[in-house]
Amino acid sequence: MQLQALPGFRDFFPADHTIRTHIFAAWRTVATRYGFEEYDGPPLEPLELYTAKSGEEIVGQLYSFEDKGGRQVSLRPEMTPTLARMVAARANGLRKPIRWFSIPQLFRYERQQRGRLREHFQLNCDLIGEPGPGADAEVIALAIDVMRALGLTAGDFKVRLSDRRILEALLRHRQQSDAQVAVWHQVLDKLARTPDAVSRQKLREAGVADADADAIMGLAQAKAWEPLAAPSLAAASASLLEVVRLLNVMGLGDYVEPDFTIVRGLAYYTGTVFELFDTRGELRAICGGGRYDSLVGAIGGADLPCVGFGMGDVVLGELLKDRGLLPSTDARLDVFVATVSEQDRADALALAHELRDAGLSVEYALAPQALNKQLKHADARGARCAVVIGPDDRARGEVQVKDLASHTQLAAKRTDAVGAVAALLAR
RNA sequence: GUGGCUGUAGCUCAAUUGGUUAGAGCGCCGCACUGUGGCUGCGGAGGUUGCGGGUUCAAUUCCCGUCAGUCACCCCA
């Protein structure tokens, strides 16, 4: 049996790693553009960090074990508890609001599916210390701009936006019991992929009156903001409507649509919740987030309101691939230095090093090789330019500088070789 | 964790009703090509047909198990 990566874990061959780097670069660029600072924490944490606040159901999905010191530990399944601890530890000394982002590798022990592995990288952006809707709009705009930076448009994805307080108000207004509320969450979460009759049946079994079911379903499935103006919802929806207004002002209105069926699995969300989906509905959520005003207090004692999101690299990568937006994964070399004879090798090494000192990516044949083989290799490596050094050139104090794309070649003084190459590459 | 489908070369795939030496394209290496690359031609390496067992004169093909992938559940960073 061959040794291979564990199920749900990935080997990143150079071509794969290029894609990963491409995504990370967009994440860092846009987060930095929004004034966010990068942080990180340990990939391995005490098990209690997650069992204490995330609920017992999540323990089954933790990649946890006992370490050699007898400690119960877990690979991190999410970044937010670590963030909450770090922020709480220095809460008094940090200027608010705090804008932090991280790109942690996260783990879960679960059977894998398309877009869901046992390991992935996730951009986490959190804005801490600002309770108002301005912060919510800011992080949502950040998520949208990450997608735009990768070449995706409003035709490719949408932000589905809601606020937990709206559903709560709906249910409270209709006096649903706690057990019924739980059923509602389940039903609404999978409404789009479930036949209507099945949903209705579930609600009936939970003792929800048909009249209540009609009313709540009707509002929950609304595809417009207008129903939020109803007097019974006005207080609960004021924040969300302001978030929408701000996004419109930023010019990002096209990317946002209402979806009051968004529930989000994590228990700690308290207000705004949102998810990013591909418009064709082929993939699972690309990004999810929302407001969690009590978590930092619960973990670290400091009472700080937060809003943030996580965006994973797996589904995002699938989407970019489907839309033909992946970067070229070919290696790009600036210069290949080729020799005609073994007597040219010393000059070739010296020149290659000068070119590397000038910041160029340079290769040469490590062992003696025919010139045509070297140039073929230069071509295969995607080099823009080749420098050929032979006995005749050396006798004249020259080198030949070739533009591999245009098949042109010109002689340059050996003393000016770096300048000649730089000039060619600048074209 | 439950169920369906699928496992053949590095990749994408062939192989007749079960039939004797498992093929092709791409990629890789070499030669034509001892001071000039993309093309072309020729050659080569690379497989325990995922693994284990069973049926059969004979298994890539049929059956069982197992591992892995995938899809749907459960659930969702």
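Protein chains get the first letters and strands the later ones, always in sequence-line order, with residue 1 at the start of each. Computation of the quantities below employed the complete heavy-atom set of this structure, encompassing side-chain atoms and omitting hydrogens, waters and symmetry-equivalent molecules. Predicted, not measured: the structure shown is a model, and the values here were computed from it.
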**Asked** Is NZ or CZ of A/R118 both nearer than 6.0 Å to the six-membered ring centre of A/Y109 and within 45° of the ring axis?
**Response** yes

**Message:** Tell me whether A/R160 forms a cation-pi arrangement with A/F277, defined as NZ or CZ under 6.0 Å from the six-membered ring centre and within 45 degrees of its axis.
**Reply:** yes

**Message:** If you count every heavy atom of other residues, nucleotides or ligands that lies below 6.0 Å from A/E37 atom CD, does the total exceed 12?
**Reply:** no

Pick the [atom1] atom in [N] and in [M], then give their distance to the nearest Å.
N     : M     : atom1 : value
B/U48 : B/G44 : C1'   : 22 Å
B/G1  : B/C64 : C1'   : 23 Å
B/C67 : B/G25 : C1'   : 30 Å
B/U56 : B/A14 : P     : 31 Å
B/C26 : B/G46 : C1'   : 14 Å
B/C11 : B/G54 : C1'   : 34 Å
B/C74 : B/C57 : P     : 49 Å
B/U17 : B/C73 : P     : 37 Å

**Item:** Heavy-atom side-chain contact between A/L161 and A/E257 under 4.5 Å
**Value:** no

**Message:** Do A/C125 and A/L142 make a side-chain contact, defined as non-hydrogen atoms from C-beta onward lying under 4.5 Å apart?
**Reply:** yes

In whole angstroms, how far is the [atom2] atom of [N] from the [atom1] atom of [X]?
X      : N     : atom1 : atom2 : result
A/F309 : B/C76 : CZ    : C1'   : 18 Å
A/H185 : B/C76 : NE2   : P     : 12 Å
A/L49  : B/A77 : CG    : P     : 16 Å
A/Q61  : B/C75 : CD    : P     : 10 Å
A/Q369 : B/G35 : CD    : P     : 14 Å
A/D16  : B/G10 : CG    : P     : 17 Å
A/F9   : B/G69 : CZ    : P     : 11 Å
A/R118 : B/G1  : CZ    : C1'   : 11 Å

**Prompt:** Once the angle between the rings of A/F274 and A/F309 is folded into 0 to 90°, is it parallel (under 30°), tilted (30 to 60°) or perpendicular (over 60°)?
**Reply:** perpendicular

**Asked** What class does the angle between the rings of A/Y268 and A/Y292 fall in, given that below 30° is parallel, 30 to 60° is tilted and above 60° is perpendicular?
**Response** tilted

**A/Y109 or A/Q409, whichever maps to the more 5' nucleotide of RNA chain B** = A/Y109

**Message:** Which is more 5' along RNA chain B, the nucleotide nearest A/L6 or the one nearest A/Q122? Just name the residue.
**Reply:** A/L6

Touch class at under 4.0 angstrom, heavy-atom based, for [X] against every strand present:
X      : answer
A/G8   : sugar-phosphate
A/G390 : base
A/D393 : base
A/H377 : nothing

**Asked** With a 4.0 Å cut-off, would you call A/R99 and A/E138 a salt bridge?
**Response** yes

Hey, what are the protein-to-nucleotides 70-74 of chain B N/O distances that come in under 3.5 Å?
{"unit_1": "B/U70", "atom_1": "OP2", "unit_2": "A/Q112", "atom_2": "OE1", "d": "3.2"}
{"unit_1": "B/C71", "atom_1": "OP2", "unit_2": "A/R114", "atom_2": "N", "d": "2.5"}
{"unit_1": "B/C74", "atom_1": "OP1", "unit_2": "A/K190", "atom_2": "NZ", "d": "3.1"}
{"unit_1": "B/C74", "atom_1": "N4", "unit_2": "A/Q113", "atom_2": "NE2", "d": "3.3"}
{"unit_1": "B/C74", "atom_1": "N4", "unit_2": "A/R116", "atom_2": "NH2", "d": "3.1"}

**Request:** Can you run down the salt bridge (Lys or Arg N to Asp or Glu O under 4.0 Å) pairs that involve residues 281-290 of chain A, sequence neighbours left out, and say none if there aren't any?
**Result:** none

**Request:** Write out all pairs satisfying salt bridge (Lys or Arg N to Asp or Glu O under 4.0 Å) with one or both partners inside residues 66-75 of chain A, taking only residues at least two apart or from two chains.
**Result:** A/D67-A/R71

**Request:** Can you run through RNA chain B from 5' to 3' and write each base as (, ), [, ], | or . depending on how it pairs? Watson-Crick or G-U wobble, both distances under 3.5 Å.
**Result:** (((((((..((((.....[...)))).(((((.......))))).....(((((..]....))))))))))))....

**Message:** Looking only at the aromatic ring of each residue, does the gap between the centers of A/F24 and A/F121 stay below 6.0 angstrom?
**Reply:** yes

**Item:** ring pair (Phe, Tyr, Trp, His ring centres under 6.0 Å) contacts in which one or both residues fall within residues 343-400 of chain A, not counting sequence neighbours
**Value:** A/F336-A/H377

**Asked** Would you say the side chain of A/Q374 and the base of B/U36 hold a donor-acceptor pair, judged only by whether the two atoms sit under 3.5 Å apart?
**Response** no

**Message:** Tell me the closest heavy-atom pair linking A/Q374 and A/V337, and the distance in Å.
**Reply:** OE1-O, 4.2 Å

List, with names and distances, any nitrogen or oxygen atoms from the protein found under 3.5 Å away from nitrogen or oxygen atoms belonging to nucleotides 31-34 of chain B.
{"unit_1": "B/C31", "atom_1": "OP2", "unit_2": "A/K373", "atom_2": "NZ", "d": "2.9"}
{"unit_1": "B/C33", "atom_1": "O2'", "unit_2": "A/N372", "atom_2": "ND2", "d": "3.4"}
{"unit_1": "B/C33", "atom_1": "O2", "unit_2": "A/N372", "atom_2": "ND2", "d": "2.4"}

